[in-house]
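Following: one structure in structure tokens, then a few remarks.
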Amino acid sequence: MAQGPRPGGKGPRSNSLSSIATTLSDLIASESSEKASSVSRPDKYVRILFLVLAAIFLCRLVYLQVLVAPTYTAMAEESRTVNFPVTPKRGTIYDRNGQILAVSVDCTTIYCNPSEVTDARHEASMISTVLEEDPEYYEGLLSREPSTFVYIERQADVEKAQRLKEMKLPGVYFIADSRREYPNGGVGGQVIGVCDVDGNGITGLELQYDEILKGTPGKYSAERGEKGAPIPGGVHEDTPAVDGEDIMISLDIRMQIKMEEALEQGILSYEGEHGSSAMIDGDTGEIYAICSYPYLDPTDRENSMIGSDNLTAVTQAFEPGSIFKSLSALTVLNERALEPEDILFCPSELEADQYVITDAHERPDVEMTFATILNESSNVGISLATQEAGFDKLNAMIKRLKITEKSGVDYPGEAQSVMPDFNEWAYVTGCNISFGQGLATTPLNMARFYGMVAADGLLCQPHFLMAKPQSGEWLEYESEQVLDDPVAFDKLKGMLQGVVAEGTGTEAEIPGYDVAGKTSTAEIAEDGGYAKSRYNLCFAGFIDNSNSNLALFVSANEINYEGKMASVFHDIMLEAIELYNIVPVK
């Protein structure tokens, strides 16, 4: 009867090593005892050679069975195992009202083992009836030897995968998966962003909050036999995926729809191709709606226009032009250099160093009140008015209101604003900056400035993320009272109301409401100068004396003739009045 290892023994490997070691020991003892005997010299050398060879064999056996055995075992297992990640269900993105903006839904990934396929042409024909691609495409996949794992379709509809599964095609297998869907199609696509096929955020808030949304991938393993066929009972999931966390953002999809429609109509009416809009709450910094035309459709990326994934309202700085005159006017009022009714002589031309500054339209030398200068958007007038306060004060106000700083908005790729250091300003630099040339900032920064004016000097950090519903966490953001001068703000708001009531912004007027805002027909910097007959048209403002401090910026860029965006502001703000029940407060 065969006997097993002795009690306390370690099995066959231990026994073989032990027997070899015993043999070596006996040989060494024998060699020692033979020193006294008369062994011939040739026999002695043969025994020494045998001892050396046995020692080498023993070392090699120890190396293979003890030191590298785990590595070879792992290599053998890897050679018969196919591994791929299990995508977790990505967190849902909700708008401020709980409407779903992005959600992960169940789907099925279909793959094949070509070595198991018995009739590639037939199976390809069957697959094409369900997945609707050319049979030749699938035949190529099914015939791809010596591969043992080939994707047929990733993230296929569950219903289609089930139909295919019922066909029981040899070598075709199925994995439970999930994919990203956007219920609102292209609305808000630039803000929300998109994911790649592996569930990683690559643009927009999908990228910004990828670590929160994506969860932790799992690992799926399938053991296979000699010909690549799965071993019965050997298919298993090593590590389960951990689903991502949901987020709620400040966007209101209802407002976003209206904004995108109105902005597109306005841009196309000027035969333009680009433009942006942003609506921000001056009291909180919450961004209710924001977009840049052309828009991105996450559900149809192949047919989206080039550059549509770029939210230029955040990612591209521009010269703001005349909407910046409101900041210059605030500087003058804060310094008490002029009152709205004070009169300035405004020549038709203003010499500034080696340059000549004029207004957008020819006019004679005239006298204007400070309020009229803003109403008529006079470049010469605002230059002279700002000079009364001092260009150093203008520079200080720009710094105080953080116009040339990044806002810190939680969106990837915010553009850096640009302005010369004050010690580099010439007289003409101060004049140009006073009417919005010679510096660059983002549309979002300008919207935030007008929100700050509406909120009487409260500057809030613009943001999207509001809450993480599953944990109940609500985010808090910085706000700062950057300027505390109620008198200056009241006077500026009155002047901006005048722009809408009787100045260049009359198309923004909404009966029954005190609309305050400023127009801009900004020249476009080009090759060290300014382009001829190409403009950025803008309007920015808010509803004064109301229960809301929502500020709105709109623009149409690269327009070939002068115009105004006040009517687009009107249409969007009218929707906001209805959605948020904005009412006058006297």
Side-chain angles (χ1 to χ4, degrees), residues 277-283 288 320-334 338-341 369-378 381-382 385 397 401 403 435-436 443 445-460 482-483 485-521 537-555 564-577 580 582-586:
S277 184
M279 177 178 285
I280 186 171
D281 190 338
D283 291 325
Y288 277 58
S322 294
I323 59 172
F324 198 80
K325 291 173 181 174
S326 300
L327 188 147
S328 300
L330 179 60
T331 303
V332 174
L333 294 169
N334 181 65
L338 291 171
E339 296 296 324
E341 63 275 11
T369 66
F370 185 30
T372 302
I373 287 171
L374 204 62
N375 284 357
E376 300 300 325
S377 199
S378 171
I382 200 67
M397 182 65 75
L401 304 185
I403 294 295
F435 52 81
N445 252 347
M446 291 309 302
R448 180 172 71 152
F449 164 75
Y450 278 86
M452 182 277 303
V453 174
D456 293 331
L458 182 67
L459 189 68
C460 299
V482 289
L483 187 63
D485 190 346
V487 174
F489 281 115
D490 284 346
K491 291 176 180 177
L492 177 61
K493 290 176 183 179
M495 292 170 68
L496 292 175
Q497 288 182 40
V499 171
V500 175
E502 54 189 18
T504 57
T506 54
E507 292 180 1
E509 190 171 11
I510 300 175
Y513 292 86
D514 295 331
V515 179
K518 183 71 186 74
T519 58
S520 175
T521 305
L537 312 180
C538 308
F539 190 95
F542 52 90
I543 299 177
D544 195 20
N545 302 317
S546 73
N547 61 338
S548 169
N549 282 329
L550 287 175
L552 174 61
F553 166 95
V554 292
S555 73
K564 298 181 178 67
M565 290 294 283
S567 61
V568 177
F569 173 96
H570 168 277
D571 295 343
I572 297 173
M573 192 57 82
L574 194 60
E575 293 290 345
I577 289 172
Y580 308 122
I582 299 175
V583 294
V585 176
K586 297 296 185 181

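Fair warning: this is a prediction, and the values are worked out from it, not measured in the lab.
The shortest distance between side-chain heavy atoms of Pro486 and Asp456 does not fall below 4.5 Å. Considering only heavy atoms from C-beta on, Ser378 comes within 4.5 Å of Ile373 through its side chain. Using a 4.5 Å heavy-atom threshold, the side chains of Val500 and Glu509 count as touching.
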Let me have the donor-acceptor pairs involving side chains of residues 320-331, under 3.5 Å, with sequence neighbours excluded, atom names and distances please.
{"unit_1": "Ser322", "atom_1": "OG", "unit_2": "Lys325", "atom_2": "NZ", "d": "3.1"}
{"unit_1": "Ser322", "atom_1": "OG", "unit_2": "Ser377", "atom_2": "OG", "d": "3.1"}
{"unit_1": "Lys325", "atom_1": "NZ", "unit_2": "Ser377", "atom_2": "O", "d": "2.7"}
{"unit_1": "Lys325", "atom_1": "NZ", "unit_2": "Ser377", "atom_2": "OG", "d": "2.9"}
{"unit_1": "Lys325", "atom_1": "NZ", "unit_2": "Asn379", "atom_2": "OD1", "d": "2.8"}
{"unit_1": "Ser326", "atom_1": "OG", "unit_2": "Tyr450", "atom_2": "OH", "d": "2.8"}
{"unit_1": "Ser328", "atom_1": "OG", "unit_2": "Ser434", "atom_2": "O", "d": "2.7"}
{"unit_1": "Thr331", "atom_1": "OG1", "unit_2": "Leu327", "atom_2": "O", "d": "3.0"}

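Listed by chain and residue number, nothing satisfies the side chain to side chain donor-acceptor pair (under 3.5 Å) test with Ser548 (two or more places apart in sequence, or in another chain). The side chain to side chain donor-acceptor pair (under 3.5 Å) search around Lys491 returns Glu339, not counting sequence neighbours. The salt bridge (Lys or Arg N to Asp or Glu O under 4.0 Å) test applied to Asp514 returns Lys586, not counting sequence neighbours. With sequence neighbours excluded, the residues satisfying side-chain contact (heavy atoms from CB on, under 4.5 Å) with Ala566 are Glu507, Ala508, Phe539. Tyr288 pairs by the ring-ring contact (aromatic ring centres under 6.0 Å, His included) definition with Tyr580, not counting sequence neighbours. Every side-chain contact (heavy atoms from CB on, under 4.5 Å) that Val583 has, sequence neighbours left out, goes to Asn547, Asn581. Listed by chain and residue number, nothing satisfies the side chain to side chain donor-acceptor pair (under 3.5 Å) test with Asp490 (two or more places apart in sequence, or in another chain). Applying the side chain to side chain donor-acceptor pair (under 3.5 Å) criterion to Asn549, with sequence neighbours excluded, gives Asp283.
Put simply, CD1 on Ile510 and CD1 on Ile582 are 8.5 Å apart, with the number rounded to the nearest 0.5 Å. Once rounded to the nearest 0.5 Å, the distance linking CD1 of Ile280 with CE of Met452 reads 11.5 Å. The distance from the CG atom of Leu552 to the CZ atom of Phe569 is 5.0 Å, given to the nearest 0.5 Å. How far CD1 of Ile543 is from CG of Leu550: 8.0 Å, rounded to the nearest 0.5 Å. To the nearest 0.5 angstrom, Lys564 atom NZ is 9.5 Å from Leu537 atom CG. Between Leu574 atom CG and Tyr513 atom OH the span is 8.5 Å, to the nearest 0.5 Å.
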Handout entry: Audit row: Arg448, Ile403, side-chain contact (heavy atoms from CB on, under 4.5 Å) steps and yes/no
Key = CA-CA 9 Å; Arg448 180 172 71 152; Ile403 294 295; over 6 Å; no

Practice task
Show the numbers, then the answer: is there a side-chain contact (heavy atoms from CB on, under 4.5 Å) between Met573 and Val515?
Solution key: CA-CA 10 Å; Met573 192 57 82; Val515 179; 6.0 Å; no

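The shortest heavy-atom contact between Gly498 and Asn375 is C-OD1, 3.3 Å. Contact record, Leu492 with Leu333: N-CD1, 3.6 Å, taken as the closest heavy-atom pair. Of all heavy-atom pairs spanning Leu401 and Leu459, the tightest one is O-CD2, 3.6 Å. Closest approach of Ala551 and Gly451 over heavy atoms only: CB-N, 3.4 Å.
Side chain of Ser277 to backbone of Phe553: a donor-acceptor contact under 3.5 angstrom is found.
Applying the side chain to side chain donor-acceptor pair (under 3.5 Å) definition to pairs two or more places apart or across chains, none involves residues 565-574.
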